[in-house]
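The figures here come from the full heavy-atom set of this structure, side chains too, leaving out hydrogens, waters and symmetry mates. In what follows, chains carry the letters A, B, and so on, assigned in the order in which the sequence lines appear, proteins first and then strands, with residues in each chain numbered from 1. Note that the coordinates shown come from a computational prediction; the quantities given were computed from them, not determined experimentally.
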Amino acid sequence: MSEEGWLSRLRAGLDRSSGRFTRSIGAIFAGRRLDDGALEELEEILIAGDLGVATAAALTGELAGKRFDGEVTGEEVRAHLAERIAGILAPLARPLEPDPDRKPHVVLVMGVNGVGKTTTIGKLAGHFAERDRKAVLAAGDTFRAAAIEQLQVWGRRTGCAVVAGKRGDDAAGLAYGALETARDGRADLLFIDTAGRLHNKDGLMAELRKIVRVLGKLDGTAPHDRILVLDATTGQNAHAQVEAFRDMCGVTGLVVTKLDGSARGGVIVGLADRFGLPIHAVGVGEGPDDLRPFDAGAFARSLMGLS
Amino acid sequence: MFEHLSDRLEGVFDKLKRKGALRDEDVAAALREVRVALLEADVALPVVKDLVAAVRESATGREAMRGVNPGQQVVKIVHDRLVETLGAEAAGIDLAGEPPVAIVMVGLQGSGKTTSTAKIARWLQGRAGGGKVLMASLDVRRPAAQRQLAVLGEQAGVAVLDAIMGELPVQIARRAMDRARKTGIDAVLLDTAGRLHLDDESMEEAARVREASGAREVLLVADAMTGQDAVNVASAFKERVGVTGIVMTRVDGDARGGAALSMRAVTGCPIKLMGTGEALDALEAFHPERVAGRILGMGDVVSLVEKAAETIEREDAERFRRKFEKGRSFDLDDMRVQLGQLRKMGGMDGLLGLLPGVAKARKQMAAARVDDAVLGRQEAILSSMTPGERRDPRIVHASRKRRIAAGSGVRVQDVNRLLKQFQEMNGMMKKVRKMGGKGRLPAGMGTPGAGGMPGQAGIEEMARNLKLPPGLKF
């Protein structure tokens, strides 16, 4: 799949939303000066894109301070906003870079229920397997019915070994065993799947911390990457998710899934502003190779309906 | 789910309450906050605008009512409007018609369709006079999705249609209905594949499944954490597949849940049920009145009372009530029973979420480090006592304390603290008795940190006194 193909698909995915953006912003500024009413409407449009009240206010505030001479076109305003958004996101677009000296480099994958953790691991494993990096997958979601089977299917698809127990097993114990297996087999990478958990459930969050603690007994630096998977359809609650997982396990990076769905994923902008966590990859489709590096410029321009 | 929203509005209306009359600028200030709060709660922009406009119109120029402070007046107007938007009353699942009745479950990927399917099936089958239910997974795309439903069926004790490799969703739906007709099944739940795109192809597939099964109910399963896109999702499913009701999932999360308001407003479809946990019995009816009350920080007292009624064993309650009325002293056995009840009712957090004025109380609790772990430790301490010690705590002296501490894995100070709390509780019980059961809960009844638990008496008190002030203090 070429890079071009991905971009056009991202654009197609965002088209629903950006189409509305384009029309509504165009309508505000057609033949009008940038007055308070126009700025307020602009702010609301950004809010409707899930950018959040604070981020939307900040971006519109800047626009108010910026002098546009006389009449401003919708296109100019969009370009300006896209540039600003890309500026916020660009430093955070960093693909996952496992340390080749670590055998294995341990990646813990976490998130609330249904965001696509298992699928993300399957896709990441496929990505590294194609590059001849040996990856082991640990089926640490011992709660959800058939989660283990789901990861095993991904193991077969990508040719990666899967360490699995049975439902109800202690996830920390399984992760420990998987790290031993991966280490003995001189694997390059170990991906640890975890059960989806709501970030406000203290007991479940403590279990996650236990996984981290237990891994630390075998390798004091593990898990090296602690990825939080976010669903692009999530609204402002994404902030609470990042905060809770960060406080509990020290999130090191994000993967945003379902970005080619109907949602705009605008919450990423607010998250970037507030947490500054790297965005390792975005899920832009249902195929095994549809997890892609995050391109800030393309995302921002697509979001604002610019080609 | 709605705590943050009520938190915020509580703050706004607290300010209003302190003023004497309902002035235009008061309303405007309150509505600005309402607008931001609703938007931050992911309520869709058009819905927010409608709501704010309606409230402004209704509030401005209205004569200040005698005996009601302006804050309460605005709260009432916002509340009424929220209830109106959420739908006037609870709606059940439509099972009318010749059995087997089909129910099609649709929704975006990861919204919780499969779990909700199993919950609803279990609930339908378990109702009084409920018939036999069959579930079928039409998800032929996600690896192991069919297996997931099979496992859940086993847990829920609900029959699941066996999967046949290579079968298409519409074929599976037909086979499920055939099987149901032949085996005397009353209701069939069809769990469709999650959609990522709101595109023609996948929508058409869902519509064909609906047609093939002759379903009257098409339930859209939606995540309470959904952002502004909720309106697009809901209207697309409504238009293309003909959704008849909404199931909100992850209501036990801390999402502010504006999606519920948005989806209801744009589709007009009732929110029929909500998922409130991972366990298969974590499914509740959606009651707009209560949710609106909760949004406004007025507490979900009705839910609390119902939940308490289900949970608290009649005998325990009866025993406690008799003791209480007779003026007999409250002993550590009673305290232990109450701790157990509290845990069954969802722990401190679950319980507090239902109470008015919770936002503040929760913060205080967090600050005081009162959490469910404390409850667990207190139960452990009580379990390490002999029955004699629980009946008469006065005999618990130093060496007994050491034994109890060792037995429950805590320090002697913790045992002391519990005994002190118990004394405070006992003192409060006496005060309540003196009040003769009228008025409000005494201060300190709500939090174990402050020394008390809401017992059956307290809950009955609340039930009798549903007009609790929004800012009930603990």
Side-chain angles (χ1 to χ4, degrees), chain A residues 13 16-17 20 44-45 47-50 52-54 56 112-116 118-119 122 143-154 157 167 195-204 231-238 240-241 244 257-258 260-267 283 285-286, chain B residues 4 35-36 39-42 44-46 48-49 108-115 118 141-155 194-199 223-233 236 249-250 252-259 277-278 349 371-373:
Chain A
R16 275 183 74 85
S17 47
R20 271 193 309 266
E44 287 183 346
I45 291 160
I47 289 170
D50 280 328
V53 179
V112 302
N113 318 62
V115 291
T118 309
T119 306
F143 181 83
R144 179 166 60 93
I148 297 169
E149 287 90 333
Q150 189 184 348
L151 194 70
Q152 280 166 336
V153 171
W154 278 107
R157 277 185 192 169
R167 270 194 83 215
R197 64 201 73 222
L198 287 174
H199 50 285
N200 61 333
K201 306 251 159 145
D202 294 343
L204 295 175
D231 183 329
T233 57
T234 308
Q236 299 310 303
N237 190 248
Q241 291 176 26
T257 59
K258 309 178 196 176
D260 57 335
S262 73
R264 307 171 185 186
V267 72
E286 298 182 69
Chain B
H4 296 260
R35 175 182 167 275
V36 172
L39 285 172
E40 282 190 346
D42 293 322
L45 191 60
V48 173
K49 286 189 149 181
L108 294 182
Q109 280 176 0
S111 55
K113 276 178 307 302
T114 305
T115 306
R141 272 182 286 172
R142 183 162 59 99
Q146 296 186 318
R147 174 93 192 108
Q148 186 184 353
L149 192 70
V151 173
L152 289 170
E154 227 166 85
Q155 283 172 26
R195 329 248 139 205
L196 182 56
H197 303 275
L198 301 173
D199 58 54
D223 187 331
M225 301 186 292
T226 311
Q228 296 280 332
D229 193 44
V231 282
N232 304 324
V233 173
T249 58
R250 297 185 197 121
D252 52 328
D254 62 355
R256 303 172 195 189
E278 290 181 337
D349 217 44
D371 56 26
D372 290 337

Closest non-hydrogen atom pair between L152(B) and A145(A), with its separation: CG-CB, 4.1 Å
Contacting moiety of V112(A), where chain B heavy atoms sit under 4.5 Å: side chain
Give a yes or no on this: more than 12 heavy atoms of other residues, nucleotides or ligands lie within 6.0 Å of atom CD of Q155(B). yes
Could you check T119(A) against R142(B) for side chain to side chain contact (heavy atoms under 4.5 Å, CB included), going step by step and ending with a plain yes or no? CA-CA 9 Å; T119(A) 306; R142(B) 183 162 59 99; 5.6 Å; no
Measuring only between side-chain heavy atoms, which start at C-beta, is T233(A) closer than 4.5 Å to L108(B)? yes
Most chain B-contacting option - heavy-atom pairs closer than 4.5 Å, from V153(A), T118(A), N113(A): N113(A)
Nearest-0.5 Å distance that lies between atom CD in Q148(B) and atom CD in Q150(A): 7.5 Å
From the list A44(B), G112(B), S111(B), A144(B), the residue making the most non-hydrogen contacts under 4.5 Å with chain A is A144(B)
Value rounded to 0.5 Å, distance of CG in N237(A) from OG1 in T226(B): 10.0 Å
Separation between NZ (K258(A)) and CG (D229(B)), nearest 0.5 Å, reads 11.5 Å
Report the option among Q152(A), R197(A), R167(A) that has the most heavy-atom pairs separated by less than 4.5 Å from atoms of chain B. R167(A)
D42(B) side chain to Q236(A) main-chain N or O, any donor-acceptor pair under 3.5 Å? yes
Will you find, in the side chains of D231(A) and Q109(B), an N or O donor that is under 3.5 Å from an N or O acceptor? no
In Å, rounded to the nearest 0.5 Å, how long is the span from CG of L198(A) to CZ of R250(B)? 7.0 Å
Any heavy-atom pair between the side chains of Q241(A) and M225(B) that's under 4.5 Å? yes
